Amino acid sequence: MNGNMLSFEEAQEKLLGFVRPVREVETVNTMIACGRVLAATLHSTIDQPPMDNSAMDGYAVRAAEVPATGTRLPVSQRIPAGSVGHALQPGTAARIFTGAPLPEGADAVVMQELCEHDGEHVVINTVPAVGEFVRRRGHDVTAGAEVLPAGLRLTPQALALAASVGVAQLPVYRRLKVAVFSTGSELVMPGEPLPPGAIYNSNRFMLRNLLAGLGCEVEDFGIIPDSLAATREALRRAAEGHDLILSSGGVSVGEEDHVKPAVEAEGSLDLWKIAMKPGKPLAFGRVHGAAFIGLPGNPVSGFVTFLMMVRPFLLASQGASEILPPSLLLRADFDWPKPDRRREFLRARMNAQGGVELFRNQDSSALNSTVWANGLVDIPAGAVVARGAAVRFLPYAELLH
């Protein structure tokens, strides 16, 4: 505990302790399963590849019949991919193409670049080894082997692997249903006139798309004015048919911050101060059966808190087995001489020299820093960084996945 603040680790652990994973499973076409979480371990029913085949365009031979370079053999057959040849006649070669089944009797393939075509014969300018350029049956996957584990968030390459063993449909957990709204009478939408004292609502665009990128079904309840009655009514509507309500703004304890009393009136609430920067205020509770998370209204704070707190909660709720992003250790091309009692997440990007550099302005109001950056540098509480030291870098490529 840091004063009256939870440490970052304590807050993350506490939040994940409230997870109630979805249990409903649906079967979807493999073609459209990207981003979904696999609900059951997938095993292969076939060997992949299903037969010995050629890894190259070239000539299938018996290696023992090519004892020296310059060996000349008649070409007895032609085997394109998708067709099956006949047994290789002794003392002959078969013209073969990548992926075509190896004919019975052949035990090596010579790539065409090492051969010379000579009428109905081929001159082989190398001595092949047994098994050369042959993909053996089942060398990638054997029948009965685990192909994909339960809890995996399905990627394009995972879907390709499933398709390669003939799987047309996959069991996945249903999508998490999330209601989202912004609070604040000062908020207006882009395209509308900007009255004095008003600001454009950027959080609405950010949160909707962050949620969609994590595979959630999102319903947007718009902008809620600074009113206890309006906030309570929005919470009641948002709770209907949703697993999670996600709001931005109004989670402090000022006179115009109505999220805390509204959630307490409609359900239960924990309001935390987290020793992280940017971030700090985070509200969690339940409203009529739905989980509730309230993010700070500052867009940079909301962005970082979403990535570091809400993202793991969402992934765990969807049944994903890997919820925390991997990090890289990179060279700091900056100095960070002033320690903070909070854990800091600095907007940064990898550079062409293999180091990481910081955006010039780390203020939590600098939304353009999130666009300039391609990740976050994670600075432990109380730590300083000297140029050249190793720092932990969290790429957006992982955080936004």
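All heavy atoms count here, side chains included; hydrogens, waters and symmetry mates do not. Numbering of residues begins at 1 and proceeds along the displayed sequence. Because the structure is a prediction, the values reported are computed rather than measured.
The aromatic rings of F8 and F345 sit tilted, their planes meeting at an angle between 30° and 60°.
In terms of the side chain to side chain donor-acceptor pair (under 3.5 Å) criterion, T27 has no residue partners (sequence neighbours excluded). Applying the side chain to side chain donor-acceptor pair (under 3.5 Å) criterion to N53, with sequence neighbours excluded, gives R135. By the salt bridge (Lys or Arg N to Asp or Glu O under 4.0 Å) test, R237 is found to be paired with E233, residues two or more places apart in sequence or in another chain being considered.
Atom CD of E9 has more than 12 heavy atoms from other residues, nucleotides or ligands within 6.0 Å. For CZ of R286, the number of neighbouring non-hydrogen atoms (other residues, nucleotides, ligands) closer than 6.0 Å is greater than 12. Shown here is E24, whose CD atom has more than 12 heavy atoms of other residues, nucleotides or ligands within 6.0 Å. Heavy atoms from other residues, nucleotides or ligands lying under 6.0 Å from CD of E13 number 12 at most. For E264, the CD atom counts as densely surrounded, since its 6.0 Å shell holds more than 12 non-hydrogen atoms of other residues, nucleotides or ligands. When the shell of 6.0 Å around CE of M31 is examined, it contains 12 or fewer heavy atoms from other residues, nucleotides or ligands. Residue K14 qualifies as enclosed at atom NZ: its count of foreign heavy atoms under 6.0 Å is above 12.
Separation of atoms OG (S301) and CG (L295) is listed at 10.0 Å; rounding is to 0.5 Å. Distance check: S247 OG to I245 CD1 gives 8.5 Å after rounding to the nearest 0.5 Å. Rounding to the nearest 0.5 angstrom, the gap separating the CD atom in E104 from the CG atom in L88 is 10.0 Å. Interatomic distance, CG of D57 versus OG1 of T98, reported as 3.5 Å (0.5 Å rounding). The structure places CG of L328 at 8.0 Å from CD of E398, a figure rounded to the nearest 0.5 Å. For the atom pair L211 CG and L314 CG, the distance stands at 6.0 Å (nearest 0.5 Å).
Side-chain atoms of W272 and L15, non-hydrogen and from C-beta on, do get closer than 4.5 Å to each other. Between P67 and T71, the closest side-chain pair of non-hydrogen atoms falls below 4.5 Å. Within the 4.5 Å cutoff, the side chain of V109 has heavy atoms near those of the I96 side chain. L315 places a side-chain heavy atom less than 4.5 Å from the side chain of R153. Between L399 and L394 the shortest side-chain heavy-atom distance falls below 4.5 Å. Side-chain contact between R347 and L376 is present, with heavy atoms from C-beta onward closer than 4.5 Å. Between M276 and M309 the shortest side-chain heavy-atom distance falls below 4.5 Å. For the pair T305/L282, a side-chain contact is recorded, criterion being any heavy-atom separation below 4.5 Å from C-beta on.
Residues L38 and P149 share a closest heavy-atom pair of CD2-O, 3.5 Å. Between P225 and T231 the shortest heavy-atom distance is O-OG1, 4.0 Å. Between V384 and P337, the shortest heavy-atom contact is CG1-O, 3.2 Å. Of all heavy-atom pairs spanning A373 and A348, the tightest one is CB-O, 3.0 Å. Contact detail for P395 and P326: the closest heavy-atom pair is CD-O, 4.0 Å. Of all the heavy atoms in T126 and V66, the pair that sits closest is O-CG1, 3.5 Å.
For F284 and F18, the distance between ring centers is under 6.0 angstrom. Side-chain rings of Y396 and F303 approach one another, their centers coming within less than 6.0 Å.
Taking 4.0 Å as the cut-off between side-chain N and carboxylate O, R387 and D335 count as a salt-bridged pair. A salt bridge links R208 and D220; the closest N-O separation between the charged side-chain nitrogens and carboxylate oxygens is under 4.0 Å. A salt bridge links D333 and R331; the closest N-O separation between the charged side-chain nitrogens and carboxylate oxygens is under 4.0 Å. Under 4.0 Å is where a charged nitrogen must lie from a carboxylate oxygen, and between E26 and R175 no such pair does.
Looking at R36 and Q318, their side chains never bring a donor and an acceptor atom within 3.5 Å of each other.
Distance alone, capped at 3.5 Å, is enough to place a donor-acceptor pair between the H117 side chain and the G119 backbone. Side-chain atoms of N351 come within 3.5 Å of backbone N or O of G355 as a donor-acceptor pair. The main-chain N or O of G191 is never found under 3.5 Å from a side-chain atom of Y200 such that the two would form a donor-acceptor pair. The backbone N or O of V371 lies less than 3.5 Å from no partner atom in the side chain of N368, so there is not a single donor-acceptor pair. T142 places no side-chain N or O within donor-acceptor distance of the main-chain N or O of A145, the cut-off being under 3.5 Å.
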Practice item. Could you give me the CA-CA distance, side-chain angles and deciding distance for F334 and V356, then say whether side chain to side chain contact (heavy atoms under 4.5 Å, CB included) is met? Key: CA-CA 8 Å; F334 62 88; V356 61; 4.1 Å; yes
Point to revise | Worked verdict on N201 versus S182 for side-chain hydrogen bond (donor to acceptor under 3.5 Å, both in side chains) | key: CA-CA 8 Å; N201 185 356; S182 306; 3.3 Å; yes
Review point. Would D47 and H139 count as a side chain to side chain contact (heavy atoms under 4.5 Å, CB included) if you check the C-alpha gap in whole Å, the side-chain angles of each, and the deciding distance to 0.1 Å?
Key: CA-CA 8 Å; D47 291 328; H139 88 93; over 6 Å; no
Point to revise | Step-by-step side chain to side chain contact (heavy atoms under 4.5 Å, CB included) determination, S202 to L367 | key: CA-CA 9 Å; S202 58; L367 187 56; 4.0 Å; yes
Exercise for review: Output, in order, the C-alpha distance, side-chain angles, deciding distance and verdict of side-chain hydrogen bond (donor to acceptor under 3.5 Å, both in side chains) for D140 and Q48.
Suggested key: CA-CA 6 Å; D140 188 20; Q48 176 58 29; 5.5 Å; no
Practice item. Before giving the answer on side-chain hydrogen bond (donor to acceptor under 3.5 Å, both in side chains), spell out for W336 and E344 the whole-Å C-alpha distance, their side-chain angles and the decisive distance to 0.1 Å. Key: CA-CA 11 Å; W336 195 251; E344 297 184 88; 3.0 Å; yes
**Study point:** Residue pair R62, D107: steps toward the salt bridge (charged side-chain N to carboxylate O under 4.0 Å, His left out) verdict
**Key:** CA-CA 5 Å; R62 289 179 174 86; D107 59 13; over 6 Å; no
Exercise for review: Just do the side-chain hydrogen bond (donor to acceptor under 3.5 Å, both in side chains) check on S7 and E10 with the steps written out, would you?
Suggested key: CA-CA 5 Å; S7 72; E10 289 171 329; 3.3 Å; yes
Exercise for review: With side chain to side chain contact (heavy atoms under 4.5 Å, CB included) as the test, would you mind laying out the steps for N374 and F393 before giving the verdict?
Suggested key: CA-CA 10 Å; N374 58 21; F393 181 74; 3.2 Å; yes
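Here the rule is side-chain hydrogen bond (donor to acceptor under 3.5 Å, both in side chains) with D243, and of R174, R20, K177 only R174 fits it.
Relative to the ring axis of F306, R311 does not place its NZ or CZ within 45° and under 6.0 Å from the centre.
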